[in-house]
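Side chains included, hydrogens not; waters and symmetry mates left out as well; all remaining heavy atoms used.
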Amino acid sequence: MQNNEYLLLCLEYDGSIYGGWQRQGKQGNELCLPLSSVQEEIEKAAALCLKVAQTVCVQVAGRTDKGVHALNQWCALRVPKGIDLGCFQQQINQLLVKKHIAIKTAAFCPDKKFK
């Protein structure tokens, strides 16, 4: 993963429509909870912005339960080196605005500082 770097995101969201932060597992062909998660929405939006087919995995510092809102929650994901940070933040926010999620700040972080 030499061609990737960590991107730290500070986000806020209205959790009323979510089953919590964490992506929900599946039981057979059905989700455990009928509500989507904040993590799931951010991962889908990031994959669209980065134009990748595989799942983008977002790591979070803490998590919330069903219906809980967040201000200044930090998460991280690996992105290809050289992406335009301002463009990425604008694109992901355009996708997330209808989901009541906003990326307030985005910054690159060297691997050695993140680990």
Side-chain angles (χ1 to χ4, degrees):
M1 295 219 168
Q2 292 174 301
N3 296 324
N4 292 326
E5 58 191 333
Y6 280 106
L7 180 59
L8 298 176
L9 304 175
C10 180
L11 54 118
E12 64 182 30
Y13 53 86
D14 176 345
S16 340
I17 60 171
Y18 295 106
W21 164 267
Q22 191 171 0
R23 183 181 339 101
Q24 303 300 315
K26 290 188 176 185
Q27 292 180 343
N29 290 330
E30 296 184 28
L31 288 174
C32 294
L33 291 175
L35 301 174
S36 65
S37 70
V38 177
Q39 179 183 20
E40 189 178 350
E41 296 299 338
I42 293 172
E43 289 174 344
K44 286 192 290 190
L48 284 171
C49 291
L50 297 170
K51 297 178 173 87
V52 294
Q54 70 270 22
T55 302
V56 173
C57 184
V58 176
Q59 300 170 347
V60 70
R63 62 181 197 206
T64 56
D65 291 328
K66 178 181 175 185
V68 176
H69 314 307
L71 294 172
N72 300 321
Q73 184 172 23
W74 287 90
C75 66
L77 65 148
R78 291 185 73 86
V79 297
K81 282 189 179 178
I83 70 163
D84 181 318
L85 187 58
C87 185
F88 175 82
Q89 186 174 350
Q90 182 180 13
Q91 287 177 343
I92 198 167
N93 274 329
Q94 287 174 346
L95 293 170
L96 293 173
V97 69
K98 290 181 181 175
K99 306 289 185 176
H100 307 282
I101 301 170
I103 306 301
K104 296 168 54 173
T105 306
F108 293 112
C109 180
D111 288 349
K112 61 185 174 189
K113 287 188 178 181
F114 185 75
K115 293 177 183 178

*Report the C-alpha distance between L50 and F88 in whole Å, list the side-chain angles of each, state the deciding distance to 0.1 Å, and finish with yes or no for side-chain contact (heavy atoms from CB on, under 4.5 Å).*
CA-CA 8 Å; L50 297 170; F88 175 82; 3.9 Å; yes
*Run the numbers on Y18 and L35 for side-chain contact (heavy atoms from CB on, under 4.5 Å), then give the verdict.*
CA-CA 6 Å; Y18 295 106; L35 301 174; 5.8 Å; no
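A continuous path of Ile, Leu, Val, Met, Phe, Trp and Tyr side chains, each step under 4.5 Å between heavy atoms, connects V56 with I42, placing both in one hydrophobic cluster. Placement of W74 and V58 in two distinct hydrophobic clusters is found when ILVMFWY residues are connected by side-chain heavy-atom separations under 4.5 Å, directly or transitively. Under the 4.5 Å side-chain heavy-atom criterion for grouping Ile, Leu, Val, Met, Phe, Trp and Tyr, L8 is not connected to I92 through any hydrophobic cluster.
Q91 is linked by a side-chain contact (heavy atoms from CB on, under 4.5 Å) to C49, C87, counting only residues two or more places apart in sequence or in another chain. The side chain to side chain donor-acceptor pair (under 3.5 Å) check on Y13 picks up T64, Q73, with sequence neighbours excluded. Among residues two or more places apart in sequence or in another chain, the side chain to side chain donor-acceptor pair (under 3.5 Å) test is passed with Q22 by R63. Evaluation of the side chain to side chain donor-acceptor pair (under 3.5 Å) rule for S16 yields D14 as partners, not counting sequence neighbours. Judged as a side chain to side chain donor-acceptor pair (under 3.5 Å), and not counting sequence neighbours, the contacts of E43 are R23, Q39.
Each of V52, N4, N3 was compared with P80 under the side chain to side chain contact (heavy atoms under 4.5 Å, CB included) criterion, and only N4 meets it.
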Distance-only donor-acceptor pairs under 3.5 Å for side chains of residues 97-104, two or more places apart:
| unit_1 | atom_1 | unit_2 | atom_2 | d |
| --- | --- | --- | --- | --- |
| K104 | NZ | N72 | OD1 | 2.5 |

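Note on residues 44-54: pairs passing salt bridge (Lys or Arg N to Asp or Glu O under 4.0 Å), not counting sequence neighbours, are E41-K44.
Annotation for L77 and C57: closest pair CB-O, 3.8 Å, computed over non-hydrogen atoms. In terms of heavy-atom proximity, L85 sits nearest to A107 at CD2-CA, 4.0 Å.
Between L9 atom CG and C109 atom SG the span is 11.5 Å, to the nearest 0.5 Å. For the atom pair CG of L11 and CG of L96, the computed distance is 9.0 Å after rounding to the nearest 0.5 Å.
Hydrophobic side-chain contacts under 4.5 Å tie L95 into a cluster, directly or through other members, with L48.
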